[in-house]
2 protein chains.
Amino acid sequence: MTTNEGPGRTIQSAEITLNIISELQTQDATRVTALANRLGHSKSTIHNHLHTLEDQQLVVREDGEYRLSLRILDMAMHVREQIGNYDVIRNEADALAEETGEIIQFGIEEHGKVSYLYKATGEQAVETLSGVGKQQPMHSTSLGKTILAYLPQDRTERLIESMDLERFTSNTITSADALRTELEEIRQRGYGIDDEENIEGLRCVSAPVENGDTVLGAISITGPLSRFTDDRIHGELSELATGAANVIELNTKFSG
Amino acid sequence: MTTNEGPGRTIQSAEITLNIISELQTQDATRVTALANRLGHSKSTIHNHLHTLEDQQLVVREDGEYRLSLRILDMAMHVREQIGNYDVIRNEADALAEETGEIIQFGIEEHGKVSYLYKATGEQAVETLSGVGKQQPMHSTSLGKTILAYLPQDRTERLIESMDLERFTSNTITSADALRTELEEIRQRGYGIDDEENIEGLRCVSAPVENGDTVLGAISITGPLSRFTDDRIHGELSELATGAANVIELNTKFSG
DNA sequence: CAGATCGTTCCTGTCTCGGGAACAAATTTA
DNA sequence: TAAATTTGTTCCCGAGACAGGAACGATCTG
């Protein structure tokens, strides 16, 4: 089940345009013919779509090469502000990064995955692949599992059903029942952990930011096995995470 | 001349989808009927387009309300990196902000306007309306005029022809010929200034970042009339701006 | 200067897609 | 509680949009 079959029909020409946008996102600079070949459409089709995109100022053309315009940056700013109280999240994450020296991330659920809204990097932090806007599976990350644990029951169950629980390391949870047990455990103690389930050598702790009967997202601390002992994780690190989550919670609760 | 009549046709359905995206960018959370009314289309039409957008994971739906997904953030990251050497620009801008305590901005030309790629704010900086991704006219800003001065001759002329040279303050340049003279002056001394031409009480200095026979963009220092005397502008401030521009120039010249 | 490749334009037939109406579900009002 | 709105969704249909192919210049390459 890869395609999310929602209600309604799907518009072909819109799909083409959106596919062009996706192409322009990843490929540095692209020309008409290259896009036509890559997307399997005629040159004239791509040509007209690019013309439309340029007309709407979403794409810029510099001597034959096309790229997304800076309007995307403006859109990104708006998107950030539409999610809870972005400033509070950033402040708390920065503070945590400063204090722990590790990687702090804030993630929310989108389309059955964790999407990273913000990332703060401490002094001695390890670099991870994930960056702002990137996605990760939910079942193998502490952020994902923590969010799953605090979403409304039915929503959680529907998400689990649609997951394929791919294995990434020997620790990855790959059965739905094991995942359900893990979520119950997270609810018991109030925070989630990732014990090398997504990437070998990396551990995380996550605390949920609740919002009424659902969950806004979660904040996590990530670090190497060497510095992330069981004692530290279940001690100071989990406390720091839940503390930050609480501050965010208090500041967003009354704003929407 | 508002619409940029380029070559080729324009795709209606794509326009609808892109208009929805624009709507979602500005309005916080929107539902089917509201969008239908605002864009002047039937509910079924909007419905199908939203379905397409959600299918492509560019839009998220949370109990009936739609918003742009965090994929936009990912796209924004890519866009930044596609423009010259973003890291160098950021470093130089931050350094300048630190040193001067004022607002530093880096802008490029897009669709006949200045778009801001990065903004660094010093300690005692005045807040301006413009943010990352936002647009400003070229004829009334130091960034815009400086970029115009260093674009290829024919490109500059075509841009001037298509501008409407709106007046914002008593100092705004509103005639094409006066603008051409100003550009020549900028080329003479190597940097451009904005003497309360865009906003009352604000002055700027900008230096171009050249790139072969064209210009990548420009970097500017903005501040209040009180601190930006003629002496300072034509002395240390213009030197700081051109210095930073040169560093960026050197670092981008060999990578693109 | 030939050959190839590019972007652009024009045309045509098919099937897409926008709109309207009817329906169902949720929300509001009395 | 029931009636009355308003919502999101589905279905159908005919007009016309739009994807593709071919042909044309323009540009690049050797």
Side-chain angles (χ1 to χ4, degrees), chain A residues 3-24 27-56 58-68 152 154-155 158 212-214, chain B residues 3-24 27-56 58-67 111 152 154-155 158 212-214:
Chain A
T3 46
N4 174 24
E5 256 320 306
R9 227 187 328 158
T10 187
I11 311 283
Q12 252 186 34
S13 350
E15 272 178 348
I16 296 177
T17 287
L18 297 178
N19 283 333
I20 291 179
I21 292 178
S22 284
E23 253 345 281
L24 291 179
Q27 305 291 325
D28 264 310
T30 329
R31 353 189 85 250
V32 173
T33 313
L35 276 171
N37 293 335
R38 221 174 294 147
L39 296 178
H41 288 281
S42 71
K43 282 193 296 177
S44 55
T45 300
I46 301 294
H47 182 70
N48 289 331
H49 279 271
L50 280 172
H51 176 58
T52 308
L53 280 165
E54 201 192 350
D55 203 59
Q56 299 278 323
L58 237 135
V59 149
V60 172
R61 160 191 180 161
E62 280 157 354
D63 47 44
E65 308 215 324
Y66 293 87
R67 64 164 175 80
L68 294 172
D154 55 336
R155 181 90 175 286
R158 236 179 310 129
D213 60 338
T214 183
Chain B
T3 46
N4 173 23
E5 257 318 308
R9 226 187 332 152
T10 186
I11 311 285
Q12 253 187 30
S13 351
E15 272 178 348
I16 296 178
T17 288
L18 298 179
N19 283 332
I20 291 179
I21 292 178
S22 283
E23 240 5 86
L24 292 178
Q27 305 291 326
D28 263 310
T30 329
R31 355 189 84 249
V32 175
T33 314
L35 277 172
N37 293 334
R38 221 175 293 147
L39 296 177
H41 288 281
S42 71
K43 284 192 296 177
S44 56
T45 300
I46 301 294
H47 182 71
N48 289 331
H49 278 272
L50 280 172
H51 176 58
T52 309
L53 280 164
E54 201 192 351
D55 204 59
Q56 300 278 325
L58 238 135
V59 149
V60 172
R61 159 191 182 165
E62 280 157 354
D63 48 42
E65 308 215 323
Y66 295 86
R67 64 164 176 80
H111 295 289
D154 55 337
R155 182 89 175 287
R158 235 178 311 128
D213 60 339
T214 182

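Quick note on labels: first sequence line is chain A, next is B, and so on, each numbered from 1.
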query: For DNA chain C, which consecutive runs of 3 or more Watson-Crick or G-U pairs (each distance under 3.5 Å) count as stems?
result: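 C:1-5 with D:26-30, C:7-23 with D:8-24, C:25-30 with D:1-6 - these are the stems of 3 or more pairs that involve DNA chain C.
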Whole angstrom is fine here: how far is it from [atom1] in [X] over to [atom2] in [N]?
X: A:Ile20; N: D:dC18; atom1: CD1; atom2: P; result: 13 Å
X: B:Asn48; N: D:dT9; atom1: CG; atom2: P; result: 10 Å
X: A:Ile46; N: D:dG20; atom1: CD1; atom2: P; result: 8 Å
X: A:Leu50; N: C:dT9; atom1: CG; atom2: C1'; result: 16 Å
X: A:Glu15; N: D:dA19; atom1: CD; atom2: P; result: 11 Å
X: A:Asp63; N: C:dT8; atom1: CG; atom2: P; result: 12 Å
X: B:Arg31; N: D:dT6; atom1: CZ; atom2: C1'; result: 11 Å
X: A:His51; N: D:dC18; atom1: NE2; atom2: C1'; result: 14 Å

field: Non-neighbouring partners of A:Asp154 that pass side-chain contact (heavy atoms from CB on, under 4.5 Å), sequence neighbours left out
entry: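 Listed in chain order: A:Pro152, A:Arg158.
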query: Partners of A:Ser22 by side-chain contact (heavy atoms from CB on, under 4.5 Å), sequence neighbours excluded?
result: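 A:Ser22: side-chain contact (heavy atoms from CB on, under 4.5 Å) contacts with B:Arg71.
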Do [X] and [Y] have side chains that get closer than 4.5 Å, going by heavy atoms?
X: B:Ser42; Y: B:His47; result: no
X: A:Thr17; Y: A:Ile11; result: no
X: B:Tyr66; Y: B:Val32; result: yes
X: A:Gln56; Y: B:Asn19; result: yes
X: B:Glu15; Y: A:Thr52; result: yes
X: B:Glu65; Y: B:Thr30; result: no

Check the interface with nucleotides 11-17 of chain C: list each N/O to N/O pair with the protein under 3.5 Å, or write none.
| residue | atom | partner | partner atom | Å |
| --- | --- | --- | --- | --- |
| C:dC17 | OP1 | A:Gln12 | N | 3.0 |
| C:dC17 | OP1 | A:Ser13 | N | 2.9 |
| C:dC17 | OP1 | A:Ser13 | OG | 2.8 |
| C:dC17 | OP2 | A:Gln12 | N | 3.2 |

- request: Name all pairs fulfilling the salt bridge (charged side-chain N to carboxylate O under 4.0 Å, His left out) condition that reach into residues 35-45 of chain A, sequence neighbours left out, sorted by first residue then second.
  value: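 Sorted result for residues 35-45 of chain A: A:Glu23-A:Arg38.
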task: Report the C-alpha distance between A:Thr10 and B:His51 in whole Å, list the side-chain angles of each, state the deciding distance to 0.1 Å, and finish with yes or no for side-chain hydrogen bond (donor to acceptor under 3.5 Å, both in side chains).
output: CA-CA 6 Å; A:Thr10 187; B:His51 176 58; 5.2 Å; no
query: Closest nucleotide of DNA chain C for B:His41 versus for A:Gly64: which of these residues is on the 5' side?
result: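 The residue closer to the strand's 5' end, by nearest nucleotide, is A:Gly64.
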- request: Using a 4.0 Å heavy-atom cut-off, write out nucleotides 21-28 of chain D from 5' to 3' as B (base contacted by protein), S (sugar-phosphate only) or - (no contact).
  value: B-------
- request: To the nearest 0.5 Å, tell me how far B:Leu50 CG sits from B:Glu54 CD.
  value: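 CD of B:Glu54 is found 8.0 Å from CG of B:Leu50.
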- request: For D:dT9, take OP1 and OP2 only and decide whether either is under 4.0 Å from a side-chain N or O of B:His47.
  value: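 The answer is yes; a side-chain N or O of B:His47 sits under 4.0 Å from OP1 or OP2.
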